[in-house]
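To start, the structure itself, in structure tokens.
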Amino acid sequence: INSNFIFEDKNSREKLGTIFVIRDITELKKLESIRKDFVANVSHELKTPLTSLKGFIETLKSGAIGDPSVSDKFLNIMDIEVNRMNALVEDLLMLSEIESEKRNALDEYFHIEEVIDEVFQVLNIKAEKRNIVLSRGIKKGIPAIYGNFNYFKQMILNLTDNAIKYTQKGGKVVVKAQKIRSHVVIDVIDTGIGIAPEDQKRIFERFYRVDKSRSKQMGGTGLGLAIVKHIVLMFKGTITINSKFGEGSIFTVTIPLDGKD
Ligand code: ADP
């Protein structure tokens, strides 16, 4: 019970009744707790590389700078930590940008081929380095998609990047696209480590990782799939996972087309 009011007849001052206002604040409490967890997570994720940087700076200052082999090694690690913080801040900015309203200003028609071309340009080298065959299968005649090109590209980029990151060297990653009725359906398929059913339910949560050290080692921020989920919603689409632990995963994005070619 949030509050109550007693009301009376103005003339006779007779008490007419009491109104109780009952508000369900379960949802509000839940949102507040999600927000608190998020702030705690962000602080922790930033604090870890900062502590490590501070340690290296102290060691360099107290003499290690004079030994080039040690200082080179330290500077390389410091560079990795700074890149990690940078990636985290960029992902945080992207999440908050997606949640704001500005984004619709740049809506346009684009083709799925352009998206996959640009994503592959970014990821080809990464795939080669991991000895992973990255290929595509785009069916002919998919109509143009309407919306923000950069966000759509970010969504396919995050999914394909994950497919490469979580696949053993020598594996395969395929991005497929086709039109099914009035939808464009994109499958990002990998022959990687796979995701257990209990984790499939949670991997779209911010900072949820199945294996934190592997994710960090691969340069992950833990925000990639949270960003994907938001972009899918922006396009009024859906995303599903079909995965077998130890065998591979298929992430399927289904986006409604508005019928225009
Ligand atoms: P990260 O930056 O850790 O990759 P994401 O939000 O992109 O964060 O993904 C969350 C977690 O989901 C990852 O840490 C990983 O455990 C799991 N994951 C995502 N994509 C795949 C995939 N294709 N195969 C196996 N696991 C995956």
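One-based numbering, in listed order, for ligands and for the atoms of each. Since the model is a prediction, treat every value here as computed from it, not as a measurement. What you see below is based on every heavy atom in this structure, not just the backbone, and it leaves out hydrogens, waters and symmetry mates.
The one candidate from Arg209, Arg202, Lys201 that meets the side-chain hydrogen bond (donor to acceptor under 3.5 Å, both in side chains) condition with Glu205 is Arg202.
Among residues at least two apart or in separate chains, there is no ring pair (Phe, Tyr, Trp, His ring centres under 6.0 Å) pair with a member in residues 169-197. Residue pairs meeting the ring pair (Phe, Tyr, Trp, His ring centres under 6.0 Å) criterion with at least one partner in residues 44-69, sequence neighbours excluded, are Phe56-Phe74.
In this structure, ligand 1 sits under 4.0 Å from heavy atoms belonging to Asn162, Ala163, Lys165, Tyr166, Asp190, Ile193, Gly194, Ile195, Ile203, Tyr208, Arg209, Val210, Ser215, Gly220, Thr221, Gly222, Leu223, Gly224, Leu225, Ser249, Phe251.
In this structure, Phe110 and Phe235 have perpendicular ring planes: the angle between them is above 60°, well past the 30° mark.
At a threshold of 4.5 Å between side-chain heavy atoms, the hydrophobic network of Ile, Leu, Val, Met, Phe, Trp and Tyr places Leu134 and Val122 in one connected group.
Partners of Ser52 by side chain to side chain donor-acceptor pair (under 3.5 Å), not counting sequence neighbours, listed by chain and number: Glu81.
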